[in-house]
**Q** 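Below you'll find the structure I mean.
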Amino acid sequence: MLNVLFLDSGNTSHSLIAESVLRASSRGRFQAYSAACLSTGIVSSGVLAFLRERDLPVEGLRSKGLRELTGPEAPSFAFVITLSSLAAA
């Protein structure tokens with residue numbers, strides 16, 4: 001299984017949606033993660049409802065900073081996909 005990180009500036013909507021979509025569609029080939037360069041700790045209103053309406057997984061989704069996914073205990077990522085110019089910098 002390959003680990004994929006969706007990196008955004010705030011981890012409030014787009015990266016969470018990408019994480020959920022990959023979880024639902026990867027058929028066990030990928031483990032999806034999302035994080036932010038500047039995490040607010042807040043999920044945009046309506047994102048979880050949007051995902052639930054489409055029967056996409058929401059369990060465990062929350063806004064988190066990149067620091068949570070770094071360090072010796074962190075997973076190794078095969079792919080890091082940036083979703084904003086700030087995240088790419």
Side-chain angles (χ1 to χ4, degrees):
M1 184 178 315
L2 298 172
N3 293 321
V4 178
L5 172 62
F6 293 99
L7 186 61
D8 203 351
S9 56
N11 194 224
T12 60
S13 61
H14 298 107
S15 52
L16 293 168
I17 292 169
E19 178 182 352
S20 180
V21 168
L22 186 60
R23 278 192 205 171
S25 62
S26 74
R27 299 180 187 179
R29 293 177 295 188
F30 300 100
Q31 176 65 45
Y33 297 85
S34 66
C37 299
L38 305 169
S39 178
T40 62
I42 299 169
V43 175
S44 293
S45 63
V47 168
L48 298 178
F50 172 86
L51 294 170
R52 284 185 185 108
E53 288 169 3
R54 287 153 182 81
D55 293 322
L56 292 167
V58 297
E59 186 175 328
L61 284 183
R62 61 183 181 81
S63 179
K64 56 201 156 299
L66 183 56
R67 289 181 190 245
E68 286 188 44
L69 298 175
T70 59
E73 302 296 317
S76 175
F77 294 104
F79 302 99
V80 176
I81 301 168
T82 58
L83 301 176
S84 74
S85 57
L86 179 61

**Q** Rounded to the nearest 0.5 Å, how far does OG of Ser34 lie from CG of Leu69?
**A**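 Reported value, rounded in 0.5 Å steps: 8.0 Å.
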**Q** Quick one, Ser39 with Ser63, criterion side chain to side chain donor-acceptor pair (under 3.5 Å). Give me CA distance, side-chain angles, the key distance, then yes/no.
**A** CA-CA 7 Å; Ser39 178; Ser63 179; 3.3 Å; yes
**Q** Which heavy atom in Arg23 sits nearest to a heavy atom in Gly60, and how many Å separate them?
**A**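 Closest approach of Arg23 to Gly60: NH2-C, 4.3 Å.
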**Q** Which value, rounded to the nearest 0.5 Å, describes the distance between Phe77 atom CZ and Leu2 atom CG?
**A**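 Atom-to-atom, Phe77:CZ and Leu2:CG are 12.0 Å apart.
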**Q** Suppose we screen for salt bridge (charged side-chain N to carboxylate O under 4.0 Å, His left out). Which residues come up paired with Arg62, at least two apart in sequence or across chains?
**A**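 Salt bridge (charged side-chain N to carboxylate O under 4.0 Å, His left out) check on Arg62 returns Glu68.
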**Q** Just wondering, are more than 12 heavy atoms of other shown residues or ligands nearer than 6.0 Å to CZ in Arg54?
**A**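 Result for CZ/Arg54: enclosed.
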**Q** Atom CZ of Phe30 and atom CG of Asn3: how far apart are they, to the nearest 0.5 Å?
**A**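 The distance works out to 10.5 Å.
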**Q** So if I apply the side chain to side chain contact (heavy atoms under 4.5 Å, CB included) rule between Leu66 and each of Leu38, Leu7, Val80, Asn11, which one comes out positive?
**A**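 Of all the options given, the one that passes is Leu7.
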**Q** Going from OG on Ser20 to CG on Asp55, what distance comes out if it is rounded to the nearest 0.5 angstrom?
**A**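 These two atoms lie 10.5 Å from each other.
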**Q** With a 4.5 Å cut-off on side-chain heavy-atom distances among I, L, V, M, F, W and Y, is there a chain of contacts connecting Val47 to Leu83?
**A**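 Unlinked, Val47 and Leu83 end up in two clusters.
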**Q** Measure the CZ-CG distance between Arg29 and Leu22 for me, rounded to the nearest 0.5 Å.
**A**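 Rounded to the nearest 0.5 Å, the CZ-CG separation comes to 9.0 Å.
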**Q** Is it true that Leu16 and Ile81 fall in one hydrophobic cluster, defined by side-chain heavy atoms closer than 4.5 Å?
**A**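 No, because Leu16 and Ile81 fall into different hydrophobic clusters, even though each may have its own neighbours under 4.5 Å.
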**Q** Do the side chains of Val43 and Leu61 get nearer than 4.5 Å, heavy atoms only?
**A**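 Not in contact.
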**Q** For the CZ atom of Phe6 and the NE2 atom of His14, what is their distance to the nearest 0.5 Å?
**A**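 Output value for this atom pair is 13.0 Å.
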**Q** How close do Ser9 and Ala36 get, heavy atom to heavy atom, and via which atoms?
**A**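 It is O-CB, 3.6 Å.
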